[in-house]
Amino acid sequence: MDDPNKLVLWLRAGSDGQRMGGDPLSHHLFMLLVLKGQQNSNLVFEVRTVSEAKPAPDFKAAGLRKPPAAVYQEETYTHEDDIVELLERWTPRRKQTEADDATADLFRHFAYFIKDVNKCPQALLGELHRLDEFLGSCGTKFLAGDEPSFIDSVVLPRLHTIRISAQALKDFSIPDDMQHLWAYLGRAYKLQLFTATCPCDQEIILHWAERPDTPDISSQRRAALYREKSTFTFTVPGESTVSTDS
């Protein structure tokens with residue numbers, strides 16, 4: 001029986017039913033939870049993955065239907081906003097209007113591009129350039145200071161999924177000359193807060209490829225992604241390309 005004072009966060013499992021799925025929402029919530037735990041030692045938590053096709057007995061026993069979901073003090077939270085509000089109990093966030101404005105449209109334009117609503121990447125490139133300029137002007141290591149904060153837990157998973165999935169499915173790469181953006185990603189890649197909560201490249205690609213409105217991949221490529229060891233691209237231009245785990 002779980003300790004009711006331990007927060008349990010359920011995230012969508014990946015293709016093997018165990019490793020974390022590749023959706024940026026899961027990465028965001030996992031990263032945010034770890035960040036809150038670093039900021040407040042009273043937060044005791046556990047993160048579990050669950051297959052929607054074969055949900056675990058304790059997931060079903062909690063009355064949950066699909067991830068993401070959280071259970072705390074015998075209460076369930078099944079919507080992203082409710083989970084975030086729950087986590088705000090430990091360390092409330094501060095509004096970061098300028099950073100919010102600089103990143104507000106980034107993921108929307110990525111979604112248009114990956115779904116072929118916009119076949120040309122110019123709108124996405126414009127938003128990436130906007131973020132690059134903001135990072136160059138803000139004078140801090142992260143979006144709202146020299147330490148990662150709530151907004152980084154939103155933007156970094158999205159930026160990373162853009163990097164991995166757009167390259168795999170659309171042959172699109174973030175331009176090397178966006179130096180401030182790459183430096184920002186490089187700082188994230190050196191943080192356990194980011195790397196320990198990040199899905200592998202294979203799951204990120206599969207997450208987007210398996211949507212009905214995005215470019216498909218061949219059955220051979222899909223099978224290879226299922227079989228491959230988990231790889232994590234945690235490098236920036238000028239470094240070697242891929243790190244792996246077993």
Residues [X] and [Y]: side-chain donor-acceptor under 3.5 angstrom:
| X | Y | result |
| --- | --- | --- |
| Asp201 | Thr233 | yes |
| Gln73 | Asn5 | yes |
| Ser165 | His207 | no |

Next on the checklist: Around atom NZ of Lys141, are there more than 12 heavy atoms from other residues, nucleotides or ligands closer than 6.0 Å?
Outcome noted: no
Checklist entry - Got a sec: does the CD of Gln39 have more than 12 other heavy atoms crowding it under 6.0 Å? => result yes
Say you draw a straight line from [atom1] of [X] to [atom2] of [Y]; how long is it, rounded to the nearest 0.5 Å?
| X | Y | atom1 | atom2 | value |
| --- | --- | --- | --- | --- |
| Lys66 | Ser51 | NZ | OG | 14.5 Å |
| Thr197 | Phe30 | OG1 | CZ | 6.0 Å |
| His27 | Leu32 | NE2 | CG | 11.0 Å |
| Ile164 | Phe232 | CD1 | CZ | 10.5 Å |
| Glu127 | Phe107 | CD | CZ | 13.0 Å |
| Ile204 | Gln167 | CD1 | CD | 13.0 Å |

Compare all side-chain heavy atoms of [X] with those of [Y] and state whether any distance is below 4.5 angstrom.
| X | Y | result |
| --- | --- | --- |
| Leu124 | Asn118 | no |
| Cys198 | Phe234 | yes |
| Leu35 | Leu193 | yes |
| Ile114 | Phe172 | no |
| Ile83 | Pro68 | yes |
| Leu185 | Tyr189 | yes |
| Arg48 | Leu9 | no |
| Leu125 | Pro175 | yes |

Just by distance, do the side chain of [X] and the backbone of [Y] share a donor-acceptor pair under 3.5 Å?
| X | Y | result |
| --- | --- | --- |
| Glu46 | Leu7 | no |
| Asp152 | Ser149 | yes |
| Thr214 | Trp208 | yes |
| Glu88 | Arg93 | yes |
| Thr161 | Arg158 | no |
| Asp176 | Pro237 | no |

Checklist entry - Does anything in residues 10-24 pair up under salt bridge (Lys or Arg N to Asp or Glu O under 4.0 Å), and if so which pairs, sequence neighbours excluded? => result Arg12-Asp23, Arg12-Glu52, Arg19-Glu203
Closest non-hydrogen atom pair, [X] against [Y]:
| X | Y | answer |
| --- | --- | --- |
| Leu191 | Pro148 | CD1-CG, 3.9 Å |
| Thr76 | Ala62 | CG2-O, 3.5 Å |
| Trp182 | Thr235 | CZ3-O, 4.3 Å |
| Thr49 | Gly17 | OG1-O, 4.4 Å |
| Ala209 | Leu169 | N-CD1, 3.8 Å |
| Leu135 | Leu143 | CD2-CD2, 3.6 Å |

Checklist entry - Thinking salt bridges, do Arg187 and Glu147 make one under a 4.0 Å N-O criterion? => result no
Checklist entry - If you measure from the Lys or Arg side-chain nitrogens to the Asp or Glu carboxylate oxygens, is any gap between Arg130 and Glu133 under 4.0 Å? => result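 No, Arg130 and Glu133 are not salt-bridged.
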Next on the checklist: Using the rule given for side-chain contact (heavy atoms from CB on, under 4.5 Å), can you reason through Leu128 versus Leu106, listing the C-alpha separation, both sets of side-chain angles and the distance that settles it, and then say yes or no?
Outcome noted: CA-CA 7 Å; Leu128 290 167; Leu106 174 62; 3.7 Å; yes
Next on the checklist: Test: ring pair (Phe, Tyr, Trp, His ring centres under 6.0 Å). Region: residues 128-151. Which pairs qualify, not counting sequence neighbours?
Outcome noted: His28-Phe150
Item to check | Pairs flagged by ring pair (Phe, Tyr, Trp, His ring centres under 6.0 Å) wherever residues 51-75 is involved - sequence neighbours left out | outcome: Trp10-Phe59, Tyr72-Trp90
Checklist entry - How are the rings of Tyr112 and His109 set to each other: parallel, tilted or perpendicular (split at 30° and 60°)? => result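 Tyr112 and His109: perpendicular rings.
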Checklist entry - When Met20 is tested against each of Cys200, Ser230, Pro199 for side chain to side chain contact (heavy atoms under 4.5 Å, CB included), which residue passes? => result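 One option only clears the test, and that one is Pro199.
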For [X], enumerate each residue passing the salt bridge (charged side-chain N to carboxylate O under 4.0 Å, His left out) test, keeping only those at least two apart in sequence or located in another chain.
| X | result |
| --- | --- |
| Asp213 | Lys115, Arg211 |
| Arg222 | Glu210, Asp216 |
| Glu98 | none |

Next on the checklist: The test is side-chain contact (heavy atoms from CB on, under 4.5 Å); show your working for Leu33 and Leu43 and say whether it passes.
Outcome noted: CA-CA 9 Å; Leu33 177 58; Leu43 174 56; 3.8 Å; yes
Next on the checklist: As a quick check of understanding, evaluate side-chain contact (heavy atoms from CB on, under 4.5 Å) for Leu225 and Ile217, giving each step before the final call.
Outcome noted: CA-CA 10 Å; Leu225 289 168; Ile217 54 178; 3.6 Å; yes
Item to check | From CA spacing to verdict: side-chain contact (heavy atoms from CB on, under 4.5 Å), Phe194, His160 | outcome: CA-CA 10 Å; Phe194 182 89; His160 185 68; 3.8 Å; yes
